[in-house]
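Fair warning: this is a prediction, and the values are worked out from it, not measured in the lab. Each chain gets a letter, A, B and so on, in the order the sequences are listed, and its residues count up from 1. Just so it is clear, the values below take in all heavy atoms, side chains as well, and ignore hydrogens, waters and symmetry mates.
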There are 2 protein chains.
Amino acid sequence: MQHYIELLKVHGLKSTFQRLQILEAIGMCGHKDIDEIYNDVIKTHPTISLATVYKNLIVMNNNGVLFEVSVLGKKSKYEIQKEDHLHLICTNCGTIHDAPLEISFDKIVSVENFELNKKEINLYGTCSNCCELKVS
Amino acid sequence: MQHYIELLKVHGLKSTFQRLQILEAIGMCGHKDIDEIYNDVIKTHPTISLATVYKNLIVMNNNGVLFEVSVLGKKSKYEIQKEDHLHLICTNCGTIHDAPLEISFDKIVSVENFELNKKEINLYGTCSNCCELKVS
DNA sequence: ATATGTGCAAAGGGTTTGCAGATAT
DNA sequence: ATATCTGCAAACCCTTTGCACATAT
């Protein structure tokens, strides 16, 4: 909680109850799309507006408080600012799992003279949980 | 042209003039979003409907003829089926440049027991062209 | 011959916007 | 005190859908 207040302050955003609830909802499981966030937040704040969630995701994304993770064919999910990692996206159950990114793109970036700002490494497939279910 | 007819046939889709034009438009520069494709195709086929372009992008994507490349904050672009590669996406001019993907994700995938089906590696930044323009 | 594809127009639905009142600093 | 944020409702507009006609195989 205090942590999120700091995070918002660092990025020049006011700490509203709504923003903190949104961050709590995302932090709980790592990655959530707007509907999951909204359905989570209305439990503790029944009068929050979906428009407010939209506005805050945009503003917090623009200010680097959280990041959008695009998911092919689905709505984007959002995660809280964290160090470099890749995403294992299960196309069966929809969960996203973070994994360490031990890869450097220095070579290709220097060859292409590309000024790198942001990486999005998404691997799609079936997670271990869903693999087990398929077998049994 | 003949190449695209084959490509469609291999994936069980009929070769219509509209589909071939869409593939031509994409093939011309590698990556295009729906509006760019539509604006290209109407030059040679003024009566094509935007709905037809939508339907065909969906159907050709589902059948593996082409692939969707998600671009954060913008509309997805589409590319024709090709071997593994990564994308250098310029946030200034919007162009996407392909680069070889000399990386294996075998290790992380086996550690996580993940059944990998599809990779999307997108690097965002400023391309060499736009870098030069900024300096001068 | 017939399963598919196309074009049109309308429906649908997610996202954005404007504004008055509320809130954080 | 005041700049910012929230909630509501309406507007927006991208995307999808249904249907009659056309086309590929």
| note | Rounded to 10°, the angle between the first-five-pair and last-five-pair axes of the helix from dA1(C)-dT25(D) to dT25(C)-dA1(D) is 50°
| request: Ignoring hydrogens and angles, state whether a donor on the side chain of Glu6(B) or His11(B) is under 3.5 Å from an acceptor on the partner side chain. | output: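 His11(B) and Glu6(B) do not have a side-chain donor-acceptor pair below 3.5 Å.
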Polar pairs (N or O, both sides) under 3.5 Å between protein and nucleotides 21-25 of chain D?
from, atom 1, to, atom 2, distance (Å)
dT25(D), OP1, Ser15(B), N, 3.2

| request: Using a heavy-atom cut-off of under 4.0 Å over every strand shown, decide if Lys55(A) touches base, sugar-phosphate, or nothing. | output: base
| query | Taking 4.0 angstrom as the limit, do Lys32(A) and Asp40(A) come out as a salt bridge? | reply |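 Salt bridge flag = yes for Asp40(A) with Lys32(A).
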For [X] and [N], is the shortest distance between a side-chain N/O and OP1 or OP2 below 4.0 Å?
| X | N | answer |
| --- | --- | --- |
| Asn56(B) | dT6(C) | yes |
| Gln18(B) | dG7(C) | yes |
| Ser49(B) | dC8(C) | no |
| His45(B) | dT6(C) | no |

| Minimum-distance nucleotide to Tyr54(B) side chain [options: dG7(D), dT6(C), dT15(D)] | dT15(D)
| field | Shortest non-hydrogen contact from Tyr4(B) toward Leu20(B) | value |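 Looking at all heavy atoms of both residues, the closest pair is CB-CD2, 3.6 Å.
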| query | When the distance from NZ of Lys74(B) to C1' of dC13(D) is rounded to whole Å, what number comes out? | reply |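 Rounding to the nearest Å, NZ of Lys74(B) and C1' of dC13(D) are 18 Å apart.
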